[in-house]
Amino acid sequence: MFTSEKGIVEEWLSEYKTLPETSLQNYATNLKDKNSLVSSLYKVIQEPQSELLEPVCHQLFEFYRSGEEQLLRFTLQFLPELIWCYLAVSASRNVHSSGCIEALLLGVYNLEIVDKQGHSKVLSFTIPSLSKPSVYHEPSSIGSMALTESALSQHGLSKVVYSGPHPQREMLTAQNRFEVLTFLLLCYNAALTYMPSVSLQSLCQICSRICVCGYPRQHVRKYKGMSNRIPVSSGFMVQMLTGIYFALYNGEWDLAQKALDDIIYRAQLELYPEPLLVANAIKASLPHGALKSSKEGTRCIQVEITPTSSRISRNAVTSMSIRGHRWKRHEQPDNSNDTSELGILVLPEISVTNVSGEKTGNGEKGRTLGEIDAQHMQGVQETTTDPRTESKGLPEIRRQKSVRKLMEDGINSPGRVQF
């Protein structure tokens with residue numbers, strides 16, 4: 001560590017101690033733009049024997065518990081490097097040199113598991129249903145599965161996953177180590193959009209180192225300085241993948257893709273199904289070429305949204321369309337004056353004696369079975385007699401009757417013949 005970098009860190013330590021509370025917000029806002037300070041702090045953390053490590057860890061913890069959001073995120077950006085230093089020292093069994101880092105990690109953990117009133121937090125997450133559209137999928141593209149999920153969602157069978165309450169820890173042991181570290185990575189991933197590029201680069205590098213140290217791939221990666229295997233848990237690797245997935249689409253394509261391959265390599269050796277499933281799903285969704293993403297501005301995971309389509313086709317046959325078609329056919333206007341234009345068939349007057357010039361009497365009609373069948377096949381509709389049309393000499397019109405009624409009227413109704 002150079003003298004200039006050491007001077008920057010010492011100035012930073014003394015400046016915060018003399019800072020009045022009224023200037024805390026402005027100080028936190030300007031702190032993220034001090035790139036030289038951030039790089040100097042990384043070098044201090046990477047040297048476990050540095051005399052500045054303990055005061056730096058103490059001040060980072062003061063930032064975290066100050067309640068100022070900007071200071072909290074400033075501490076969080078160093079979390080991947082702090083985790084790596086702690087695991088490396090633990091694997092080398094030199095526990096005494098990591099005391100201040102362990103205290104900082106425990107302090108952040110104990111602050112995050114409780115709310116402002118001091119009560120234990122219970123985190124909840126609702127598993128999204130495939131029957132409801134999201135930025136990742138459209139239910140109509142899934143097929144019959146969407147119908148099943150829709151039926152389940154109507155019965156309120158949405159699954160909610162809970163995390164917590166988490167117990168407070170006074171020290172890190174081999175039994176609770178990865179429980180604490182996994183929760184810390186969860187807190188880091190919750191603030192990924194606020195992390196600078198240098199923090200994402202550190203995340204990718206420490207994920208690769210953790211996964212390959214002590215294995216043959218370490219020689220391929222040419223990592224030096226650490227040759228002991230670092231044990232990891234399945235949940236810890238899943239949290240690493242969450243950060244790697246974000247880094248892939250936010251300017252760190254090369255480092256993140258290398259870290260993804262190393263995580264898959266380690267998960268295959270450990271036979272961990274959860275990280276294998278997540279890592280292979282991420283790898284299968286990656287584009288073929290490297291992404292050119294801006295390192296400035298809003299950060300987000302880029303996804304392709306399928307165009308929305310109507311759930312029911314306009315030409316689909318439904319009960320409503322059939323009913324509406326029937327109503328349109330039955331409710332055609334019955335106007336005898338427009339029969340020639342509308343194509344409505346008017347019933348002629350029939351003589352049952354076959355005598356030319358003879359007519360039926362009293363407005364009654366005798367119909368044979370053949371004529372009734374012809375009317376039925378052609379869909380002839382009869383409507384009731386309108387008294388107003390009788391006075392004008394218009395032909396009699398009756399409502400449509402059933403086939404059985406028409407046959408009875410045609411057979412049993414005697415026709416009166418005029419002589």
Neighbour count >12 (heavy atoms, 6.0 Å) for atom CD, E54: no
Donor-acceptor contact below 3.5 Å, side chain S202 vs main chain V198: no
Test log, rule side-chain contact (heavy atoms from CB on, under 4.5 Å), inputs L181 and L185: CA-CA 6 Å; L181 296 181; L185 267 187; over 6 Å; no
Spacing of T182 atom OG1 and R177 atom CZ [to the nearest 0.5 Å]: 12.0 Å
Rounded distance [0.5 Å steps], CG in L186 versus NE2 in H166: 7.5 Å
Less than 3.5 Å apart, which donor and acceptor atoms pair up between the side chains of residues 229-240 and the rest of the protein, not counting sequence neighbours?
{"residue": "R229", "atom": "NE", "partner": "G214", "partner atom": "O", "Å": "3.0"}
{"residue": "S233", "atom": "OG", "partner": "F236", "partner atom": "N", "Å": "3.2"}
{"residue": "S234", "atom": "OG", "partner": "E274", "partner atom": "OE1", "Å": "3.0"}
{"residue": "Q239", "atom": "OE1", "partner": "N189", "partner atom": "ND2", "Å": "3.0"}

For D262 against S208, the heavy-atom pair lying closest together: OD2-OG, 3.0 Å
Approximate separation, where rounding is to 0.5 Å, of S40 OG and I45 CD1: 11.0 Å
E51: salt bridge (charged side-chain N to carboxylate O under 4.0 Å, His left out) partners, not counting sequence neighbours: K6
Beyond-backbone contact of E270 with Y265, side-chain heavy atoms, under 4.5 angstrom: no
Worked verdict on E5 versus Y42 for side-chain hydrogen bond (donor to acceptor under 3.5 Å, both in side chains): CA-CA 11 Å; E5 296 171 339; Y42 269 107; over 6 Å; no
Partner residues of E179 under the side chain to side chain donor-acceptor pair (under 3.5 Å) criterion, sequence neighbours left out: R169
Side chain to side chain, C187 and V108, heavy atoms closer than 4.5 Å: no
Minimum heavy-atom distance P273-L271, with the two atoms named: CD-O, 3.4 Å
Heavy-atom pair of closest approach, residues I244 and A256: CG2-O, 3.5 Å
Pairwise side-chain contact, F61 with L111, heavy-atom cut-off 4.5 Å (strictly under): yes
Main-chain N/O of E11 paired to S14 side chain as donor or acceptor, under 3.5 Å: yes
Test side chain to side chain donor-acceptor pair (under 3.5 Å) applied to Y272 - qualifying residues, sequence neighbours left out: none
Sub-4.5 Å side-chain heavy-atom contact between L82 and L105: yes
Point-to-point distance, once rounded to the nearest 0.5 Å, from CG of L203 to CG of L255: 10.0 Å
Side-chain heavy-atom pair V44, F78 within 4.5 angstrom cut-off: no
Working for side-chain contact (heavy atoms from CB on, under 4.5 Å), residues H58 and L104: CA-CA 7 Å; H58 177 74; L104 175 58; over 6 Å; no
Student check: side-chain heavy atoms of Y215 and R266 closer than 4.5 Å: yes
Check against side-chain hydrogen bond (donor to acceptor under 3.5 Å, both in side chains), T173 and N176: CA-CA 5 Å; T173 63; N176 63 21; 3.2 Å; yes
Smallest separation among heavy atoms of L13 and Q59, with atom names: O-OE1, 3.4 Å
From CD1 (I282) to CG (L277), nearest 0.5 Å: 10.0 Å
More than 12 heavy atoms from other groups under 6.0 Å of CD on E15: yes
Side-chain touch W84/I210, heavy atoms, less than 4.5 angstrom: yes
Geometric class of the Y27/Y16 ring pair [parallel <30°, tilted 30-60°, perpendicular >60°]: tilted
Atom of G243, atom of L192 and distance for their closest heavy-atom approach: CA-CD1, 3.9 Å
Between CD1 on residue I264 and CG on residue N280, distance to nearest 0.5 Å: 5.0 Å
Expected output: side-chain R73 to main-chain K32 donor-acceptor under 3.5 Å: no
Worked check of side-chain contact (heavy atoms from CB on, under 4.5 Å) between F246 and L200: CA-CA 9 Å; F246 182 86; L200 295 179; 4.2 Å; yes
Sidechain-backbone polar pair: S120 side chain, P165 backbone, donor-acceptor under 3.5 Å: no
From CA spacing to verdict: side-chain contact (heavy atoms from CB on, under 4.5 Å), L87, F178: CA-CA 10 Å; L87 290 176; F178 280 99; 4.1 Å; yes
Note, K258 side chain near C204 side chain (heavy atom, < 4.5 Å): no
Heavy-atom pair of closest approach, residues I113 and N110: CG1-O, 3.5 Å
Sequence-distant partners of Y188, side chain to side chain donor-acceptor pair (under 3.5 Å), two or more places apart: S199
K283, NZ atom: more than 12 neighbouring heavy atoms under 6.0 Å: no
Aromatic plane relationship, F183 with Y109 - under 30° parallel, 30 to 60° tilted, over 60° perpendicular: perpendicular
Residues F63, W12; criterion ring pair (Phe, Tyr, Trp, His ring centres under 6.0 Å); working and verdict: CA-CA 12 Å; F63 279 6; W12 170 71; 5.6 Å; yes
Under the salt bridge (charged side-chain N to carboxylate O under 4.0 Å, His left out) test, residues paired with R209 that sit two or more places apart: none
E47 bridged to K43 by N-O distance under 4.0 Å: no
